[in-house]
Amino acid sequence: MINITFPDGNVKQYEAGVSSIDIAKSISHGLAKNVLSAKVNGEVWDATRPIEEDAALSLLTWNDDDGKNTFWHSSAHLMAEALEAIYPGTKFGIGPAIENGFYYDIDLGDRVLSTEDFKKIEDKIIELARQKNDFERKEISKADAIAYFEEKGDEYKLELLDGLTDGEITFYQQGNFVDLCRGPHIPNTEKIKAIKLMKVGGAYWRGDEKRKQLTRIYGITFPKQKELTAYLELLEEAKKRDHRKLGAELELFMFSDRVGQGLPIWLPKGNALRDRLMAFLKEEQEKRGYKLVTTPHIGKKDLYVTSGHYEKYGEDSFQPIHTPREGEEFLLKPMNCPHHCEIYAHKPHSYKDLPLRIAEFGTVYRYEQSGELHGLSRVRGFTQDDAHIFCTNDQLKEEFLNVLDLTKLVMTKMGFEQVTAQISLRDPENPSKYIGSLENWEKAERAIIEATKEVDLETVTALGEAAFYGPKLDFMVKDALGRSWQLGTIQVDYNLPERFELEYIGADNQAHRPVMIHRAPFGSMERFMSILIEHTAGKFPLWLTPEQFAILPISDKFNDYAEEVEKALAKHDIKGVIDNRSEKIGRKIRDTELKKIPFMLIIGEKEVESKMVAVRKQGEGDKGVMSVEDFAAYFKTLL
RNA sequence: GCUGGUAUAGCAUAACAGGAAGUGCACUCGAUUUGUAAUCGAGAGAUUAUCGGUUCGAAUCCGAUUACCAGCUCCA
């Protein structure tokens, strides 16, 4: 008998050789039906694989990421089986599960695959799934494995075998298809009920552009048809919300070929939105003791040689600007921190001055690879809501709390309800990779961990993900469609104070080196706004939206009253527009709805006479007639 | 940056297979003065991304450039 420990700590005894699926059956039939694979002592195994010794076990289903991975990886095998059936002689590279589904890299010889071929492949996959074949695991000797793929003529699998040693090689078979694979797999193909091939593209063998280009087919599968439908609807919705599309439709921003790739141009409405975001953050920062500064867009090359950025990125970024003066070179600033370090250094500091919090909406320029540019989310010129906090090691935790509080406020105010964070710590195995004393690192890491606990922030910890200059914390939010985005960061930096030789005089009358915190709650205005546009589908929170209402007169006769109403609302700091076209009211309503302006104030004869407005809310409809003052009061309750 | 695809008026698109660049929305003008998601009519708007080539003839075929899209690689 062996002891099986469950995730809740319960221990139960089973016969040695029992499989996870057997164990699941002993718990409940329903669970057994849903088990895709199992985590055995931290390793993901086939649910059918015998367990011979005491183990910690968690059963994995569709609700676990690892369960999904198993499902999708098995789906990749099933797709391979279908491809082999339809295109005999296909050679196979690798076929892993990815975030949403799976792909398989294949070599079809001269054949070119297009989306028109998808239907027949999908049909074949479903046909094979319905054969209800088991996925069978076989341990195999290297010699036998090589013999098998030599016979089959698959040089890619042979190359993969090259890197493996005897004893760790396994084959998996379902139906007629055998693949070299570490596993694990789902018990049977019947679980795969719905398949959609998403796209086909090229990918180099082993990601090496000097090697052969293979055909990569992406697909996704589900245990229920309904889930596939829901997924496709989600993609459809995401397409509708694409910030590039909405940004053009709502006239928020544009790009121009003449201005240059990756250089966003903010139009009046987008800029109004941007301004309101910045005003909000400025006010909150002021409350928290930040000092606002402005620094130039360029700086002498020496500045970035000192900061170390030139050495690391100089060659790959915008090249130096030359002046009439021989040898003089300036760089577009890729970061605000060197300028801020100079601000710190311009006068001596006492420990009593610290922490010093220097903030700037600083526009920076980075030469991103052309293929990387994407709407507002990846650009070559962008504005960071940047700040640098210079403090002592003992103040780190307090400052972290201050920043965490601010960032959480920003996220909730923007309507992001699910905020988590990743704490990136040093790799304990490799202490020499990092600058700064061990003692300070420990202090800083402890400060981050404790601070996140105190503000009750859900975190994951990533060892070895810290920058060489300090540990960091990245915020992630989930948007309205359930997609995760990385937003602002907080980074501790021991490097720049060193390079700029920053000092303060301590209580002991000795010079000490301050520590620096970089932080940006939004990250960059551009990227943040791309996420906000998609999160809200262009229906921005009332306090942010560039046009808060539209006054729609029923006929030209009431345009004067419309102006009166507009002025009255302006006094309440509520801003909007008047649609005074000679159009029918239905038309004005339709156009305003499409512009996603939150309130429509419809005025006709009745309203003029009684000095009222008929209020209609975007997406909701008629809200009844009220006085302008009552509307203003109602509006304010919604802010 | 690499691989593949795309580029027609402000936007969305049509033009069989190389043979007169069309439509809808937006815009301008006129009529209409409208009560909760599109009033009617007229007009104007194009060097078919740019440059070069093939051809009697190019939006259409070829090459280069630029931009965009997807994927790969990257991200201080």
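The analysis underlying the following values was restricted to heavy atoms, covering all of them including side chains, and did not include hydrogens, waters or symmetry mates. Labels below follow one simple rule: chain letters A, B, ... track the order of the sequence lines, proteins then strands, and each chain is numbered from 1.
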Salt-bridge test for A:Lys595 and A:Glu249: reply yes if a basic N is under 4.0 Å from a carboxylate O, no otherwise.
no
Counting distance only, does the side-chain N/O of A:Asp386 pair as donor-acceptor with the main-chain N or O of A:Gly362 below 3.5 Å?
no
Students often get this wrong, so: under 4.0 angstrom with heavy atoms, is A:Arg216 touching a base, only sugar-phosphate, or nothing?
sugar-phosphate
Expressed in angstrom and rounded to an integer, what is the separation of A:Lys588 atom NZ from B:A38 atom P?
14 Å
Side-chain donor or acceptor of A:Arg216 paired with backbone N/O of A:Tyr104 under 3.5 Å:
no
Any strand is fair game: report the nucleotide pairing with B:A15 by Watson-Crick or G-U wobble, both distances under 3.5 Å, or none.
none
Mind checking A:Glu605 for me? I need base, sugar-phosphate or nothing, with any heavy atom below 4.0 Å counting as a touch.
base
Using a 4.0 Å heavy-atom cut-off across all strands, classify A:Glu311 as base, sugar-phosphate, or nothing.
nothing
Roughly, in whole Å, what's the span from CG in A:Asp556 to P in B:U33?
10 Å
B:A9 pairs with which nucleotide, Watson-Crick or G-U wobble, both distances below 3.5 Å?
none
Can you measure A:Met626 atom CE to B:U36 atom C1' for me and round it to whole angstrom units?
15 Å
By nearest-heavy-atom nucleotide on RNA chain B, the more 5' of A:Tyr204 and A:Tyr469 is A:Tyr204
A:Asp316 CG - B:A76 C1' separation (whole Å):
11 Å
Please pick, from B:C75, B:U36, B:U39, the nucleotide with the shortest atom-to-atom distance to any side-chain atom of A:Glu583.
B:U39
Rounded to the Å, how far apart are A:Lys584 NZ and B:C40 P?
8 Å
Could you tell me how far apart A:Arg258 (CZ) and B:A49 (P) are, to the nearest whole angstrom?
16 Å
Are A:Tyr304 and A:Tyr310, when compared by the centres of their aromatic rings, separated by less than 6.0 Å?
no
Counting N and O atoms only, with roles assigned by atom type, does the side chain of A:Ser377 sit under 3.5 Å from a partner on the main chain of A:His374, one being a donor and the other an acceptor?
yes
Under 4.0 Å, heavy atoms only, any strand: does A:Gly604 hit a base, just the sugar-phosphate, or nothing?
base
Any side-chain to backbone donor/acceptor pair from A:Tyr313 onto A:Tyr367? Under 3.5 Å, distance only.
no
Option passing side-chain contact (heavy atoms from CB on, under 4.5 Å) with A:Arg378 (candidates A:Gln369, A:Glu372, A:Arg366):
A:Glu372
C1' gap between B:G22 and B:A14, integer Å:
6 Å
Could you tell me whether A:Ser317 contacts a base, only the sugar-phosphate backbone, or nothing, with contacts defined as non-hydrogen atoms closer than 4.0 Å?
base
The side chain of A:Arg590 lies closest to which of these nucleotides: B:C74, B:A38, B:U33?
B:A38
Expressed as a whole number of Å, how far does the P atom of B:A42 sit from that of B:C25?
12 Å
Below the 4.0 Å mark, does B:U34 have OP1 or OP2 next to a side-chain nitrogen or oxygen of A:Lys557?
yes
Nearest-Å distance once atom C1' is located in both B:G45 and B:C56:
32 Å
Between B:C75, B:U36, B:U73, spot the one nearest the side chain of A:Glu372, thanks.
B:U73
Using 4.0 Å as the upper bound for N to carboxylate O, is an ion pair formed by A:Arg581 and A:Asp591?
yes
Could you work out the separation of B:A59 and B:U50 based on their C1' atoms and round it to a whole Å?
14 Å
A:Arg581 atom CZ is separated from B:C27 atom P, nearest whole Å, by 7 Å
Is any side-chain N of the basic residue among A:Lys575 and A:Glu547 closer than 4.0 Å to the acidic one's carboxylate O?
no
Taking atom P in both B:A49 and B:U60, what distance in whole Å separates the two?
8 Å
Can you tell me the base-pairing partner of B:A46? Count Watson-Crick or G-U wobble geometry only, both distances below 3.5 Å, and say none if there is no partner.
none
Heavy atoms only, 4.0 Å cut-off, all strands: where does A:Lys606 land among base, sugar-phosphate and nothing?
base
State plainly whether the residues A:Glu159 and A:Arg211 are in salt-bridge range, i.e. N to O under 4.0 Å.
yes
With no hydrogens and no angle check, is any side-chain donor or acceptor of A:Gln618 less than 3.5 Å from a backbone partner on A:Glu593?
yes
Tell me which nucleotide, if any, is Watson-Crick or G-U wobble paired with B:C29 when both distances must be under 3.5 Å.
B:G41
What is the separation between atom CH2 on A:Trp205 and atom C1' on B:U73, rounded to the nearest whole Å?
17 Å
Any strand, both distances under 3.5 Å, Watson-Crick or G-U wobble: B:A20 pairs with none
Base, sugar-phosphate or nothing for A:Ala614? Non-hydrogen atoms, less than 4.0 Å.
base
Salt bridge present between A:Glu564 and A:Lys611 (N-O < 4.0 angstrom)
yes
What's the closest nucleotide to the side chain of A:Glu607 if the choices are B:A76, B:C74, B:G35?
B:G35
Can you tell me if A:Glu360 uses its side chain to pair, donor with acceptor, with the backbone of A:Thr295 under 3.5 Å?
yes
Using the P atom on both, measure B:G5 against B:G10 and round to a whole Å.
28 Å
Between A:Cys337 and A:Ala203, just flag the one whose closest nucleotide in RNA chain B comes earlier from the 5' side.
A:Ala203
Any N or O donor-acceptor pair under 3.5 Å from the base of B:C75 to the side chain of A:Arg366?
no
Pick base, sugar-phosphate or nothing for A:Glu593, based on heavy-atom distances below 4.0 Å to the nucleic acid.
base
B:U34 pairs with, by Watson-Crick or G-U criteria that keep both distances under 3.5 Å
none
Using a strict threshold of under 4.0 Å (side-chain N to carboxylate O), is an ion pair present between A:Glu237 and A:Arg483?
no
Taking B:A64 as the reference, what is the distance to B:C69 when you measure between their P atoms (whole Å, please)?
22 Å
Whole-Å P distance, B:U66 and B:C27:
36 Å
Write down the partner of B:U3 under the Watson-Crick or G-U wobble criteria, each distance required to be under 3.5 Å.
B:A70
Pairs under 3.5 angstrom, nitrogen or oxygen only, protein versus nucleotides 9-11 of chain B, please.
none

Under 4.0 Å between any heavy atoms, over every strand shown, what does A:Ile585 touch: base, sugar-phosphate, or nothing? Just pick one.
sugar-phosphate
Taking the minimum atom-to-atom distance to the side chain of A:Tyr218, which one of B:G71, B:C74, B:A38 wins?
B:G71
Between the protein and nucleotides 67-70 of chain B, list every N/O to N/O distance that falls short of 3.5 Å.
{"from": "B:A67", "atom 1": "OP1", "to": "A:Gln261", "atom 2": "OE1", "distance (Å)": "3.2"}
{"from": "B:A67", "atom 1": "O2'", "to": "A:Asp257", "atom 2": "OD1", "distance (Å)": "3.3"}
{"from": "B:C68", "atom 1": "OP2", "to": "A:Gln261", "atom 2": "NE2", "distance (Å)": "2.4"}
{"from": "B:C69", "atom 1": "OP1", "to": "A:Arg244", "atom 2": "NH1", "distance (Å)": "2.8"}
{"from": "B:A70", "atom 1": "OP1", "to": "A:Arg244", "atom 2": "NH2", "distance (Å)": "3.2"}
{"from": "B:A70", "atom 1": "OP2", "to": "A:Arg244", "atom 2": "NH1", "distance (Å)": "3.4"}

